[in-house]
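Both counts, for ligands and for their atoms, begin at 1 and track the order of listing. Numbers here are sequence positions counted from 1.
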Amino acid sequence: MPTVQACLFDLDGVIVDTAKYHYLAWRQLANQLGFDLTLEQNELLKGISRMESLDIILEIGGVKLDEAEKTKLATEKNLRYLELCKQITPDDALPGVRRFLDELRADSIKVGLGSASKNAKTILTNLDMLTYFDTIVDGNRVTKGKPDPQVFLMGAEDLSVAPEYCLVFEDAVAGVQSGNAAGMCTIGIGEQSVLNEADIVIKGFDGVSVDDLFGKLT
Ligand code: BG6
Ligand code: MG
């Protein structure tokens, strides 16, 4: 790929492990409605917006609700989620992430966030990491969820960098597809077997330097 000029990071599962809090809050909602949500089913929700996640959960439970009820449940889930997220501190950034971002900044590579979450700024504030990002595209700005490329294309535009010079870091299949659809190179964070549509898959940032990773891009 051409020289990397910008890196666009997903938040949940890439910068911090919030999936466990999303799961707890969604599971409570499912239990309230009379069914359970397994960890495997929770995987389907990664990278997916709040309301789309709710639709998937209701389908799992075979529950039909009107829009007003859905909005009420989603609001309740979010309050529970935010309560759980209060325990996030700067120590909760995933291993190596902060150092990796420092290396990018030292190399004058622009850094953006591309997240489906409407809580992205709150989480980054709890992590004390807001200042790492030259732009933040979150669930409050996008109109189309991943796998649509909108979130990453907006990030690239904010940073005035053409898509082919952008690198996307994603832990969700829908997020990798979004980066690919944006015409960007994608780095999957997780398992090769799950994220096989990514150009490169790494387990995380621990022990991974910017130079090493960029050296692997063809
Ligand atoms: C994504 C998560 O980053 O954000 C999803 O992977 C979540 O699980 C989505 O549903 C929306 O998050 P929020 O914080 O706006 O409910
Ligand atoms: Mg994610």
**Study point:** Atom indices of ligand 1 within 4.0 angstrom of Leu45 heavy atoms, with elements
**Key:** 5 (C), 8 (O)
Distance-only donor-acceptor hits, side chain of residues 124-132, under 3.5 Å, sequence neighbours excluded:
unit_1 : atom_1 : unit_2 : atom_2 : d
Thr125 : OG1    : Lys121 : O      : 2.6
Asn126 : ND2    : Cys85  : O      : 3.0
Tyr132 : OH     : Asp102 : OD1    : 3.3

Point to revise | Atom of Met184, atom of Ala156 and distance for their closest heavy-atom approach | key: CE-CB, 3.7 Å
Practice item. Please confirm whether Asn119 comes within less than 3.5 Å of ligand 1 when only nitrogen or oxygen atoms on both sides are compared. Key: yes
Point to revise | Sub-4.0 Å atoms of ligand 1 with respect to non-hydrogen atoms of Gly47 | key: 2 (C), 5 (C), 6 (O)
Exercise for review: Number the atoms of ligand 1 from 1 as they appear, then name those within less than 4.0 Å of a heavy atom of Lys46, with their elements.
Suggested key: 6 (O)
Point to revise | Nearest non-hydrogen protein atom, atom 3 (O) of ligand 1 | key: Asp12 OD2, 2.6 Å
**Study point:** Non-hydrogen side-chain atoms of Ile187 and Val168 separated by less than 4.5 Å
**Key:** no
Exercise answer: donor-acceptor pairs, residues 207-214 side-chain atoms, under 3.5 Å, sequence neighbours excluded:
unit_1 : atom_1 : unit_2 : atom_2 : d
Ser209 : OG     : Asp212 : N      : 3.0
Ser209 : OG     : Asp212 : OD2    : 3.4

Review point. Between His22 and ligand 1, which residue portion shows a heavy-atom distance shorter than 4.0 Å: side chain, backbone, both, or neither?
Key: side chain
Practice item. I would like to know whether Thr143 and Gln150 meet side chain to side chain donor-acceptor pair (under 3.5 Å); could you show each step before the answer? Key: CA-CA 8 Å; Thr143 53; Gln150 187 191 42; 2.9 Å; yes
Check your understanding: Would Lys70 and Glu67 pass as an ion pair if we require N to O under 4.0 Å?
Key -> yes
Check your understanding: Are any non-hydrogen side-chain atoms of Val14 and Phe205 less than 4.5 angstrom apart?
Key -> yes
Check your understanding: Counting only heavy atoms, which portion of Leu11 has something under 4.0 Å from ligand 1: side chain, backbone, both, or neither?
Key -> neither
Review point. Quick check: are there more than 12 heavy atoms from other residues, nucleotides or ligands sitting under 6.0 Å from CD of Glu76?
Key: yes
Check your understanding: Is there a heavy atom of Ala172 sitting under 4.0 angstrom from any atom of ligand 1?
Key -> no
Review point. For ligand 1, is there an atom lying under 4.0 Å from some heavy atom of Ser53?
Key: yes
Practice item. Could you please tell me which protein N, O or S atoms lie under 2.8 Å from the Mg ion (ligand 2)? Key: Asp10 OD2, Asp12 O, Asp171 OD1
Exercise for review: Find all atoms of ligand 1 within a distance of less than 4.0 Å from any non-hydrogen atom belonging to Lys118, and give their numbers and elements.
Suggested key: 13 (P), 14 (O), 15 (O)
Point to revise | Contact list for residues 12-25, test side-chain hydrogen bond (donor to acceptor under 3.5 Å, both in side chains), sequence neighbours left out | key: Asp12-Thr18, His22-Lys77, His22-Tyr81
Review point. How close do Ile48 and Ser53 get, heavy atom to heavy atom, and via which atoms?
Key: O-OG, 3.2 Å
Review point. Do NZ/NE/NH1/NH2 and the carboxylate oxygens of Lys216 and Asp199 come within less than 4.0 Å?
Key: no
Revision key, fill the gap. protein heavy-atom neighbour closest to atom 12 (O) of ligand 1 works out as Ser117 CA, 3.4 Å
Check your understanding: Using 30° and 60° as the class limits, which term best fits the ring planes of Phe133 and Phe9: parallel, tilted or perpendicular?
Key -> perpendicular
Study note, to complete from the structure: atom 16 (O) of ligand 1 has as its nearest protein heavy atom Arg50 NE, 2.8 Å
Point to revise | Shortest reach to atom 7 (C) of ligand 1 by a heavy atom, considering only Ile48, Asp138, Asp10 | key: Ile48
